[in-house]
Engineer: 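Please find one structure pasted underneath; my questions will follow.
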Amino acid sequence: ELKVEQNPLFLSMQEGKNYTIYCNYSTTSDRLYWYRQDPGKSLESLFVLLSNGAVKQEGRLMASLDTKARLSTLHITAAVHDLSATYFCAVDMGDYKLSFGAGTTVTVRA
Amino acid sequence: EAQVTQNPRYLITVTGKKLTVTCSQNMNHEYMSWYRQDPGLGLRQIYYSMNVEVTDKGDVPEGYKVSRKEKRNFPLILESPSPNQTSLYFCASSLLPYNEQFFGPGTRLTVL
């Protein structure tokens with residue numbers, strides 16, 4: 001059974017510093033997605049990673065995928081308050097079934 | 001406006017009373033999916049559909065039914081709801097199965 005593990009589950013960030021969220025998964029897959037959820041809101045797509053070595057960047061966020069290590073990282077550069085949210089990774093289990101991680105709740109403090 | 005809509009947004013019901021949560025998208029997407037979100041568990045996929053008349057079970061299909069008679073609609077049916085189906089439900093769609101998914105606003109269901 002595919003398991004998707006995110007860590008940390010909670011992350012308190014200081015403004016201006018850099019942080020990384022990790023997403024490990026337990027079987028081979030080359031399709032991984034990152035989503036953001038603000039409190040009380042729905043999810044919005046951040047990144048789609050469809051091959052080994054894929055790297056995507058948007059503003060202060062950068063995501064990468066290493067399919068051999070079964071690992072994706074979401075790197076946050078110079079954290080700002082607007083980045084406070086819960087971040088989910090999701091892995092294609094095959095046949096386009098998606099398995100989500102438990103989410104990383106990020107709080108950015110001054 | 002391109003969007004995924006869900007109705008109702010909030011629902012309180014009693015055990016055993018059949019209910020349907022509707023989901024509709026106006027983006028001509030082929031892929032649609034239902035998830036439930038519970039604290040500490042992330043999202044778990046209930047059912048998904050690759051296209052009209054094609055549906056498949058996700059991780060937690062027990063107690064749920066779906067249908068895809070039209071491309072734009074993907075209703076979630078609970079024939080006999082139970083308290084353990086109390087959850088926040090999201091419908092999502094994507095143009096193709098491997099594309100990013102667009103999520104609806106969510107339906108908060110309470111089963112007493």
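Convention: sequence-line order gives letters A, B, ...; per-chain numbering from 1.
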Engineer: For chain B, find which of Gln37(A), Arg31(A), Lys41(A), Gln6(A) contributes the most heavy-atom pairs closer than 4.5 angstrom.
Structural biologist: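 Most pairs with chain B among the choices: Gln37(A).
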
Engineer: Assess the side chains of Glu100(B) and Ser45(A): does a donor N or O sit below 3.5 Å from an acceptor N or O?
Structural biologist: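 Their side chains do contain a donor-acceptor pair, which is all the 3.5 Å distance test asks for.
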
Engineer: Got a second to check how far Tyr31(B)'s OH is from Ser93(B)'s OG, nearest 0.5 Å?
Structural biologist: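 So the gap between those two atoms works out to 10.5 Å.
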
Engineer: Looking only at atom types and distance, does a side-chain atom of Asn26(B) sit under 3.5 Å from a main-chain N or O of Gln3(B), one as donor and one as acceptor?
Structural biologist: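 Judged by distance alone, yes, a pair lies under 3.5 Å.
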
Engineer: Check each of Lys69(B), Arg72(B), Lys71(B), Glu30(B) against Val52(B) using the side chain to side chain contact (heavy atoms under 4.5 Å, CB included) test, and report the only one that passes.
Structural biologist: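 When Lys69(B), Arg72(B), Lys71(B), Glu30(B) are each tested with Val52(B), the side chain to side chain contact (heavy atoms under 4.5 Å, CB included) holds only for Lys71(B).
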
Engineer: Listed by residue number, which members of residues 102-110 of chain A have a heavy atom under 4.5 Å from any heavy atom of chain B?
Structural biologist: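 From residues 102-110 of chain A, the residues near chain B are Ala102(A).
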
Engineer: Between Ser24(B) and Asn73(B), is there a side-chain donor-acceptor contact under 3.5 Å, judged purely by atom types and distance?
Structural biologist: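 Side-chain D/A pair, Asn73(B) to Ser24(B): present.
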
Engineer: Judged by atom type as modelled, is there a donor-acceptor pair below 3.5 Å linking the side chain of Arg70(A) to the main-chain atoms of Ser26(A)?
Structural biologist: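 Yes.
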
Engineer: Return yes if a side-chain donor-acceptor contact under 3.5 Å exists between Gln101(B) and Tyr48(B), otherwise no.
Structural biologist: no

Engineer: Regarding Thr20(A) and His75(A), do their side chains bring together a donor and an acceptor under 3.5 Å, going by distance alone?
Structural biologist: yes

Engineer: Report the distance from atom NZ of Lys65(B) to atom CH2 of Trp34(B), rounding to the nearest 0.5 Å.
Structural biologist: 15.5 Å

Engineer: Under a 4.5 Å heavy-atom cutoff, which of Gly104(B), Ser33(B), Gly106(B) has the most pairs with chain A?
Structural biologist: Gly104(B)

Engineer: Heavy-atom cut-off 4.5 Å, strictly under: side chain, backbone, both or neither for Asp56(B) against chain A?
Structural biologist: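 The answer is neither part of Asp56(B).
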
Engineer: Got a second to check how far Leu32(A)'s CG is from Cys89(A)'s SG, nearest 0.5 Å?
Structural biologist: 5.5 Å

Engineer: Whether Asp38(B) and Arg44(B) form a salt bridge (side-chain N of Lys/Arg under 4.0 Å from carboxylate O of Asp/Glu) is what I want to check.
Structural biologist: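 Result for this pair is yes, salt bridge flagged.
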
Engineer: How about residues 47-61 of chain A versus chain B: which residues have heavy atoms under 4.5 Å apart?
Structural biologist: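 Expected list: Val48(A), Leu50(A).
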
Engineer: Contact part of Pro97(B) toward chain A, heavy-atom cut-off under 4.5 Å: side chain, backbone, both or neither?
Structural biologist: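 Contact with chain A is through both the backbone and side chain of Pro97(B).
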
Engineer: So for Leu41(B), is it side chain, backbone, both, or neither that comes closer than 4.5 Å to the heavy atoms of chain A?
Structural biologist: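 Contact with chain A is through the backbone of Leu41(B) alone.
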
Engineer: Just how far is it from atom OH of Tyr87(A) to atom CD1 of Ile21(A), taken to the nearest 0.5 Å?
Structural biologist: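 If we round to the nearest 0.5 Å, Tyr87(A):OH and Ile21(A):CD1 are 7.0 Å apart.
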
